[in-house]
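Written out below as structure tokens is the structure these notes cover.
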Amino acid sequence: MKKILTEELIPGMLVDREVVSPEGVVLLEKGVRLTSWQIVNLRNWQIPSIFIDETRPALPDAAPPSGLTAAAFLGEYVRTVDAVRHSFEHIRVFREAPVLEMEELVNHRITLLADTVGVLDYLYEIRLHSDHTFQHSLNVAIISAVVGRWLKIQGAQLKNLILAGLLHDIGKLFVPLSVLDKPGSLSPREYEVIKRHPHEGYRLVHDEPRVAGSVKLGILQHHERQDGSGYPNKLAGDDIHPFAKIIAIADIYDAMTSDRAYRRRLTPLAALDAIAGQMHDKLDPKVCVTFLDNMREYFTGNSVILSTGQRAKIIILNHRDRNWTKPVVCTPGGMMLDLQKEEISIVELIEEG
Ligand SMILES: [Fe+2]
């Protein structure tokens, strides 16, 4: 084991000791092979050095199959988070959305990010040290774009869906951070304050003629649920706009797979399990089936780290009759493990093949 300065780290080095931020966020698990964006993450968190297993030589960083390279994706993502921050500050100060600026973001930057092969792996990997509102809004826009494509939405409609995803939580810009980031449970009054954000966001764009009606409804209805249990208007079934149904799923997926002040993120598989559990009451079943079918295809073949510390590859990920978090995996030695029958769990998804 050797202590290496963060600036001297090379992709492919093997992490020999868990890396935890001063705030207690686990940034890297022991046994992980470093990737270029994990190294950037470490710099972002200002971690000066980490422990590396020098007995195991560094492997080359895996490149994505096509589209932006990992490093290019990360650079573009960081610049886009900054642009989102800039637009949201404008909204906070002037109480109006800079529509042209945001359309520009959607048409160029966000579409490019969403079209990158491996985008969902990258979103799971990237953890910037910044206010999660900007990242969450961007991630929901990107995931909505990915799901929108799976649903064959295209052209101006797709761009409107992405804009709705980007703006879905703008009402939260006016909720005090003490309520928004409060660890633990909220008081009934605090919960009422949070529940006003879809309507607050809707009011902000309501009189803006350049914003399509579908975008406005996507913002207003993204917390409505299929069975009428949502808010603010307790709408049910087809009374909910399709964009709001897609954003609801993207919102749940990103919230569960991101770290929050009060809890650690879950793996994408655990988030998919939770979404599958809501597909017959809270969420739109048709959108869910498309989402889960494509996600199953996406994550089959993905590498994982098991609770035993071993690496393995997902071989069968079946959402019909089994727990999403318990796939059949194959170890590097060729051993097949059905996690449904083993006392072994998946602790991380990793992007290298
Ligand atoms: Fe929301």
Side-chain angles (χ1 to χ4, degrees), residues 81 84-85 87-89 91-92 95 97 102 106 110 123 130-148 160-183 185-206 211 214-236 239-263 265-266 271 274-275 278 282-284 287-288 291:
V81 170
V84 171
R85 178 185 295 118
S87 296
F88 280 22
E89 284 309 325
I91 294 171
R92 210 194 301 259
R95 283 204 164 250
M102 302 196 88
V106 168
I110 301 180
L123 289 188
S130 71
D131 183 333
H132 66 74
T133 306
F134 311 122
Q135 262 202 87
H136 174 65
S137 299
L138 174 58
N139 291 357
V140 169
I142 293 172
I143 298 162
S144 297
V146 171
V147 179
N160 281 335
L161 170 62
I162 301 171
L163 184 62
L166 184 62
L167 296 176
H168 79 285
D169 264 352
I170 47 168
K172 279 192 181 168
L173 293 172
F174 308 101
V175 176
L177 280 180
S178 56
V179 177
L180 213 51
D181 284 342
K182 187 182 170 185
S185 54
L186 296 168
S187 70
R189 217 182 132 263
E190 289 167 333
Y191 191 47
E192 284 309 313
V193 171
I194 294 234
K195 279 168 69 178
R196 284 207 293 265
H197 80 269
H199 199 253
E200 287 285 318
Y202 176 72
R203 269 187 14 179
L204 234 132
V205 292
H206 180 254
V211 175
S214 57
V215 176
K216 294 170 183 170
L217 292 179
I219 297 168
L220 178 64
Q221 298 175 356
H222 73 276
H223 284 289
E224 300 289 359
R225 292 294 178 258
Q226 201 71 4
D227 59 1
S229 64
Y231 61 88
N233 293 318
K234 296 194 188 313
L235 298 182
D239 288 340
I240 306 170
H241 193 278
F243 282 10
K245 296 176 176 189
I246 297 168
I247 293 168
I249 293 175
D251 188 16
I252 294 170
Y253 177 83
D254 184 65
M256 295 187 89
T257 54
S258 303
D259 286 315
R260 288 289 182 269
Y262 46 88
R263 59 146 177 81
R265 65 184 184 156
L266 299 172
I275 288 169
Q278 295 183 46
K282 308 280 183 208
L283 301 172
D284 184 287
V287 180
C288 272
F291 177 80

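First listed ligand is number 1; within each ligand, the first listed atom is number 1.
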Using the six-membered ring of Phe174, assess whether NZ or CZ of Arg95 lies under 6.0 Å from its centre and within 45 degrees of the ring axis. yes
Restricting to N/O/S, name the atom of His222 that gets closest to the Fe ion (ligand 1). NE2
Correct closest heavy-atom pair for Lys282 and Ser229 would be NZ-OG, 3.1 Å
With a 4.0 Å cut-off on N to O distance, would you call Glu192 and Arg189 a salt bridge? no
Parallel, tilted or perpendicular, judged at 30° and 60°: which one describes the rings of His199 and Tyr202? tilted
Closest to the Fe ion (ligand 1), which N/O/S atom of Asp169 is it? OD1
Using 2.8 Å as a strict upper limit, say whether an N, O or S atom of His223 approaches the Fe ion (ligand 1) that closely. yes
